[in-house]
Amino acid sequence: MALGFAFDSFTIAALPFAWIRRLAQTQLQRTFAVHFVILIGMGAAVFADKEAAAFFGVFLAIKVLFDVLSELPEWDPKEPPGWLVRLFNRFGGGKDDIHVLWKEWHQDQRAGFEDDERTVDPTNLPG
């Protein structure tokens, strides 16, 4: 990781924030995979005859699952899902409309993604 950071420190100024966000999401995905493997793999190892094989079998299955899921397109619905509308109507207090809130959130998220893709010229930074 230190070597990767040292290499990236020379080129990071020319990269958009979206690159850093994607890198952080990849690292977070790996962290989740390791934690799931520890939790589920240890549980499988308790009940298996060959503990190591069960543990690494769970690791392989979860790693493949996370790799396949990372290749799927990002879920980006224009309208809130029905279950969320029902949940919001039941517990939301009736003050706001979930469809309006969803549309505002979606627009804010899109604007943030577009802003993340923008590169900043280091010579124009204040200070």
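We're numbering straight along the sequence, starting at 1.
Remark: Leu69 CG is packed, more than 12 non-hydrogen atoms of other residues, nucleotides or ligands lying under 6.0 Å away.
The side chain to side chain donor-acceptor pair (under 3.5 Å) contacts involving residues 13-26 comprise Arg21-Asp116, where partners must be two or more places apart or lie in separate chains.
At least one side-chain heavy atom of Arg110 sits less than 4.5 Å from a side-chain heavy atom of His106. Using a 4.5 Å heavy-atom threshold, the side chains of Trp102 and Pro81 count as touching.
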May I have the list of side-chain donor-acceptor pairs in residues 6-13 shorter than 3.5 Å, sequence neighbours left out?
unit_1 : atom_1 : unit_2 : atom_2 : d
Ser9   : OG     : Ala6   : O      : 2.7

Run the side-chain donor-acceptor check on residues 53-67: report pairs under 3.5 Å with partners two or more places apart or on a different chain.
unit_1 : atom_1 : unit_2 : atom_2 : d
Lys63  : NZ     : Asp67  : OD1    : 3.1

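Between Val85 and the options His99, Arg90, Glu79, a side chain to side chain contact (heavy atoms under 4.5 Å, CB included) holds for only His99.
Phe88 and Asp97 make their closest contact through CE2-C, 4.4 Å (heavy atoms, listed as atom of the first residue, atom of the second, distance).
Residue Ile40 is grouped with residue Met42 when hydrophobic side chains (ILVMFWY) are merged at heavy-atom distances under 4.5 angstrom, including chains of intermediate members. Cluster membership for Leu3 and Ile20, using ILVMFWY side-chain heavy atoms within less than 4.5 angstrom, is not shared.
Of the possible polar contacts, one joining the His35 side chain to the Thr31 backbone as a donor-acceptor pair under 3.5 Å is found.
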